[in-house]
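Comments concern the structure below.
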Amino acid sequence: MSLNIYNTLVRQKEEFKPLVEGRVNMYVCGPTVYGHSHIGHAKSYVSFDIIVRYLRYLGYKTLYVQNITDVGHLTDDADEGEDKIAKQSKKDRVHPMQVVESYTRSYFEDMDALGVVRPDISPRATGHIIEQIEMARDLIKKGFAYEKNGSVYFNVAKFKEYGKLSRRPLEEMEAGARVEVNKEKRNPADFALWKKADAEHIMQWESPWGMGFPGWHLECSAMSMKYLGETFDIHGGGMENQFPHHECEIAQSECSTGKQFVKYWIHNNMVTVGGQKMGKSLGNVINLKDAFKKYTPLVVRFFILQSHYRSTLDFTNEALDGASKGYEKLLNTVRNVRNEIEKLGKSENQKNEDVPFLDLTGFKKAFLEAMDDDFNSPQAIGVLFDLNREVNTVLAGSKSNLKLLNEINGIYNELAGTVLGIIPDQLESAVAGGGENDLIQFIIELRAEARAQKLWVMSDKIRDGLKNLGIVIEDKKDGTTWRRE
RNA sequence: GGCGCCGUACCCAAGUGGUAAGGGAGAGGUCUGCAAAACCUUUAUGCGACGGUUCGAAUCCGCCCGGCGCCUCCA
């Protein structure tokens, strides 16, 4: 089977064929850095993270570009209102660039915690003003844009295919339905490539049309094409950006180059909170830094991957708690496999005889088939749990050997680790030595003696005490193991 | 008003023509000094309602009900 991707452009799954054999150029709309990241960012970037991870797993040399928007988004309409970053800088009483810097760091901090692999290039809009001006100038020269009072607008009427992504025919759009029509525009649907800046506007640059700043949509076109070429393989983003953002990107890019802009458009769905849209206006935005206080980042990641990227994800404590338990179950098995490997590695007895049969190849195949089908991570995780059950059975039995366990460990590392990114780098081992671990091991030995003498009150007290310290004791046939909660 | 999505057990969630994955929770059992973990069994003749197409539909078509999103900044 081969990789199939749901392409918004054609509204169906298509077999993935890169423009250049063995290579993938991919761009994803990044965050506007004027506040801490929220769970919506988490869903989006975790989703695209497994797409990048899987493409790389399949052997594609993947160049992943994700912008940082540090200027240009306005609070109301795309072309009106206040600059959000400028607004935040006034509120925090710091320079806009300081706002941008601190929230950019915050963003990467959160994404790192979620195990999101960093983009190869994270271009900033303010670092590409020249490219944006150049593109606007080119579009004027080619007759697709016009200047009016120091601002530059894209003339939507000049691009017949406008609306092909979002399937909104221009003539059916109600002009000024909710936003007052800008008098400078020839057509209400025209959008700004460049905006004239007032004197008090802090972030502004010199241009052929006077002092100003770039329009919202321009940065993504200018930066993606700069690093990925005039036509590239994949462009991703949130569904809410299909219109107008991505539509405008297509219009300005294809008019500028005369070529197709993007081959596959991938859109991820939104997060809801208690069934309601999450948004600033509703005041129900959940920041990641807050969410992480209650759920570890990898639980959040696992929770996200347990639903498909094109489905909405409802963020509730009940659902998170369920995911948390399931995740722990999966991790427990991986931990036990590793413990067993260390233990067997040290012992003389390799227990080679009668090794149970485990169809690891079959599990791997099922996993990959799920991922091939438009990155169906929930189904892939289902396969992992099927495998889990059989591995637990092997672990509970007396028949296993190092070779089999190493193969099992390899599969977990490959599928759950490399592809899904849900196994932490550091998974404590109860067998490995080291200061605190030795101490815990010593306490467990004391308890073993108490148990040998049937001093149940004492042994239970030790168990409870360790539990209160976050250390869980498990008595097994061949001894006691422990793990941190 | 225009465009679009969704409705699967108590909760979360795959499945898009061949007879309901997986996780959580619940019940019973095995193991255990007791726990915990793990394993086994069990929990939707049923996939919002009603019609239709088909040998066969959760899956396709129609209609209705309910929820949500976009059209305005948002991942």
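In what follows, chains are A, B, ... by sequence order, proteins preceding strands, each numbered from 1.
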Contact class for [X] vs. all strands (heavy atom < 4.0 Å): base, sugar-phosphate, or nothing?
{"X": "A:Gly326", "value": "sugar-phosphate"}
{"X": "A:Glu474", "value": "base"}
{"X": "A:Gln242", "value": "nothing"}
{"X": "A:Val271", "value": "base"}
{"X": "A:His308", "value": "sugar-phosphate"}

Between A:Ile381 and A:Gln276, which residue's closest nucleotide on RNA chain B lies nearer the 5′ terminus? A:Ile381
Both A:Glu240 and A:Thr316 contact RNA chain B. Taking the nearest nucleotide for each, which residue is further toward the 5' end? A:Thr316
Verify whether one side chain among [X] and [Y] offers a donor that lies under 3.5 Å from an acceptor in the other.
{"X": "A:Asn284", "Y": "A:Gln276", "result": "no"}
{"X": "A:Asn332", "Y": "A:Arg335", "result": "yes"}
{"X": "A:Tyr27", "Y": "A:Asn67", "result": "yes"}
{"X": "A:Tyr54", "Y": "A:Asp372", "result": "yes"}
{"X": "A:Asn388", "Y": "A:Tyr412", "result": "yes"}
{"X": "A:His128", "Y": "A:Tyr227", "result": "yes"}

Got more than 12 heavy atoms from elsewhere within 6.0 Å of CE, A:Met97?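 Counting neighbours around CE of A:Met97, more than 12 heavy atoms of other residues, nucleotides or ligands fall under 6.0 Å, so yes.
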Does A:Lys476 have more than 12 heavy atoms from other residues, nucleotides or ligands lying within 6.0 Å of its NZ? yes
What integer number of Å spans the [atom1] atoms of [N] and [M]?
{"N": "B:rU8", "M": "B:rC47", "atom1": "C1'", "result": "4 Å"}
{"N": "B:rA57", "M": "B:rG46", "atom1": "P", "result": "14 Å"}
{"N": "B:rC39", "M": "B:rC61", "atom1": "P", "result": "41 Å"}
{"N": "B:rG17", "M": "B:rC60", "atom1": "P", "result": "8 Å"}
{"N": "B:rA9", "M": "B:rG23", "atom1": "C1'", "result": "13 Å"}
{"N": "B:rA58", "M": "B:rG48", "atom1": "C1'", "result": "12 Å"}
{"N": "B:rC10", "M": "B:rG18", "atom1": "P", "result": "26 Å"}
{"N": "B:rG22", "M": "B:rU42", "atom1": "P", "result": "12 Å"}

Partner nucleotide of [N] by Watson-Crick or wobble geometry (both distances under 3.5 Å):
{"N": "B:rA27", "value": "B:rU41"}
{"N": "B:rC50", "value": "B:rG62"}
{"N": "B:rA75", "value": "none"}
{"N": "B:rG4", "value": "B:rC68"}
{"N": "B:rC34", "value": "none"}

Roughly how many Å is it from [atom1] in [X] to [atom2] in [N], rounded to a whole number?
{"X": "A:Leu313", "N": "B:rC6", "atom1": "CG", "atom2": "P", "answer": "16 Å"}
{"X": "A:Phe315", "N": "B:rC12", "atom1": "CZ", "atom2": "P", "answer": "15 Å"}
{"X": "A:His245", "N": "B:rC71", "atom1": "NE2", "atom2": "P", "answer": "13 Å"}
{"X": "A:Lys467", "N": "B:rA37", "atom1": "NZ", "atom2": "C1'", "answer": "12 Å"}

Positions of residues 42-52 of chain A (non-hydrogen atom under 4.0 Å from RNA chain B), listed by number: A:Ser44, A:Tyr45
Do any of residues 382-394 of chain A sit with a heavy atom less than 4.0 Å from RNA chain B, and if so which?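 Correct list: A:Gly382, A:Phe385, A:Asp386, A:Arg389, A:Asn392, A:Thr393.
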So A:His245 and A:His217, would you call those rings parallel, tilted or perpendicular, with 30° and 60° as cut-offs?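 A:His245 and A:His217: tilted rings.
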Output yes when at least one side-chain N/O atom of [X] is less than 4.0 Å from OP1 or OP2 of [N], else no.
{"X": "A:Asn336", "N": "B:rA38", "value": "no"}
{"X": "A:Trp456", "N": "B:rA35", "value": "no"}
{"X": "A:Ser311", "N": "B:rA14", "value": "yes"}
{"X": "A:Lys325", "N": "B:rA25", "value": "yes"}

About how many Å separate CZ of A:Phe243 and CZ of A:Arg167, when rounded to the nearest 0.5 Å? 15.0 Å
Can you tell me whether the side chain of [X] and the base of [N] have a donor-acceptor pair closer than 3.5 Å?
{"X": "A:Asp475", "N": "B:rC34", "result": "yes"}
{"X": "A:Asp460", "N": "B:rG33", "result": "yes"}
{"X": "A:Lys277", "N": "B:rC74", "result": "yes"}

